[in-house]
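This report concerns only the one structure given below.
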Amino acid sequence: MTSSFPITTVLDLIEATLPSFNQPLIDQMSAEQQTPFRILVATLLSLRTKDTLTAVVAPRLFAHADTPAAMLALGEQRIAELIYPVGFYHNKARSLIAIAHMLLERYNGAVPSDLEALLTLPGVGRKTANLVRTAGFGLPGICVDIHVHRITNRWGYVATKDPDATEMALRTMLPAQYWIPINRLLVTWGQNICHPTSPRCSTCPVATYCARIGVTRSR
DNA sequence: AAAACGGGGGC
DNA sequence: GCCCCAGTTTT
C-alpha cells in the first residue's frame with residue numbers, strides 16, 4: 001500500500017506549518033556554532049540519545065574543547081566524564097579522540113566535506129556523515145535518521161527496515177531541492193507530531209496523505 | 001543477522 | 001518496570 005500523492009506535496013505542507021513547532025538540536029545552535037566540527041561532535045554525542053539531553057551536555061564539552069587539538073589535550077577520560085549522561089560515553093570519547101587525531105594528521109585539523117572521507121572517521125556512519133555535509137557545509141545529501149526512516153515508511157513511500165535502503169530509495173524518488181531540508185523537516189515532525197508510538201494523527205495536518213503503516217508499533 | 005555500547009526520560 | 005532515544009561497530 002502506497003500513497004497516491006507525490007511525497008513533495010506532503011513535504012511542502014509540512015514546510016509551511018514547521019515554524020510553529022520546536023526545532024531539533026542542530027537548529028537550536030546559533031549560526032556561529034553551526035561549524036562542521038561542532039555539528040560533527042554534537043551529532044556523534046546524540047546517537048541513540050534524546051537530542052534535548054545532547055543540547056545540555058554538548059555545550060559542557062565545547063566549553064573545554066572546541067577544536068581537535070583541544071579535544072586531544074582534554075583526553076579520553078576527561079571527555080568521558082563530561083559526556084557521561086548521553087550514554088555510550090566510553091565509545092564516544094574514544095571515537096572523538098581518534099577523530100581528532102585523524103583530522104589533524106590527514107586534514108590539517110579541518111573537517112572534510114567529502115562523503116567518503118567522512119565515512120572513514122571512526123564512529124561516523126551514513127547518518128552522521130550526511131548531517132555534517134548538509135547542516136555543516138550546505139552540500140547535497142539525504143540524512144536518514146530514525147525519524148526520516150520511520151515517517152517515510154509510515155507514509156508508504158518507502159518499504160524497508162534498513163535506514164540505508166531508505167536513503168537510497170529517497171535518492172531516486174526525491175528532487176534535489178528536497179535532499180537537504182527533508183531531514184530537518186521530518187525530525188521536527190517526528191519529535192512534535194509523528195511519534196514512534198502514539199502519533200498525534202487526529203491533529204496531524206498531513207494525515208489524509210498518510211498510509212499509517214506501523215502506527216501502533218515502531219521499528 | 002544479531003549483539004553490544006548505556007544513561008536518562010516518558011508513561 | 002518497560003520502551004525509546006537525530007546509530008555504528010563488532011561478532
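It should be emphasised that the depicted structure is a prediction, and the values quoted were computed from it without experimental measurement. Residue numbers start from 1 in every chain, and the chains themselves are labelled A, B, ... in the order their sequence lines are given, proteins ahead of strands.
Summarising the geometry, the separation between CD on Q191(A) and P on dG10(B) is reported as 13 Å, rounded to the nearest angstrom. Distance L131(A) CG to dA6(C) P: 13 Å, rounded to the nearest Å. Remark: P of dA1(B) and CG of D164(A) are 13 Å apart, rounded to the nearest angstrom. H149(A) places its NE2 atom 11 Å from the P atom of dG7(C), with the value rounded to the nearest Å. L121(A) places its CG atom 18 Å from the P atom of dG7(C), with the value rounded to the nearest Å. Summarising the geometry, the separation between CG on L82(A) and P on dG7(B) is reported as 17 Å, rounded to the nearest angstrom. Distance, I99(A) CD1 to dT8(C) C1': 11 Å, rounded to whole Å. In this entry the distance linking NZ of K50(A) with C1' of dG7(C) reads 15 Å, nearest Å.
Inter-residue side-chain proximity for V144(A) and I182(A) is flagged as unmet; no heavy-atom pair is nearer than 4.5 Å.
Using atom P as the reference point in both dA6(C) and dA4(B), the two lie 24 Å apart (nearest Å). Separating the P atom of dT10(C) from that of dG6(B) is a span of 14 Å, rounded to the nearest Å. Taking atom P on both nucleotides, dC3(C) is separated from dA3(B) by 16 Å, rounded to a whole Å.
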Evaluation steps, side chain to side chain contact (heavy atoms under 4.5 Å, CB included), between N153(A) and I213(A): CA-CA 7 Å; N153(A) 277 276; I213(A) 298 169; over 6 Å; no

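Both P122(A) and H147(A) sit near DNA chain C, but only H147(A) has its closest nucleotide nearer the 5' end.
Nucleic acid contact for L25(A): base, since at least one base atom lies under 4.0 Å from a heavy atom of the residue. As judged by a 4.0 angstrom heavy-atom cut-off over every strand, L44(A) is placed among residues making no nucleic acid contact. At a threshold of 4.0 angstrom between heavy atoms, the contacts of T128(A) are confined to the sugar-phosphate backbone, with no base atom among them.
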Strand DNA chain B in bracket notation, Watson-Crick/G-U under 3.5 Å with | for pairs to another chain: |||||.|||||

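To the nearest 0.5 Å, atom CH2 of residue W189(A) and atom CD of residue E15(A) are 11.0 Å apart. Expressed to the nearest 0.5 Å, how far CG of N130(A) lies from CG of L119(A) amounts to 7.5 Å.
Between F5(A) and Y209(A), the ring planes lie perpendicular to each other; the angle is over 60°, past the 30° to 60° tilted range.
Surrounding CD of Q177(A) are more than 12 heavy atoms belonging to other residues, nucleotides or ligands, all under 6.0 Å away.
Phosphate contact (OP1/OP2 of dC3(C), side-chain N/O of T197(A), threshold under 4.0 Å): absent.
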Output one line per pair: protein atom, nucleotide atom from nucleotides 2-6 of chain B, and distance, for all N/O pairs under 3.5 Å.
unit_1: dG6(B); atom_1: O4'; unit_2: F88(A); atom_2: N; d: 3.2
unit_1: dG6(B); atom_1: N1; unit_2: R48(A); atom_2: O; d: 2.8
unit_1: dG6(B); atom_1: N2; unit_2: R48(A); atom_2: O; d: 3.2
unit_1: dG6(B); atom_1: N2; unit_2: T49(A); atom_2: OG1; d: 3.1
unit_1: dG6(B); atom_1: N2; unit_2: V86(A); atom_2: O; d: 2.6

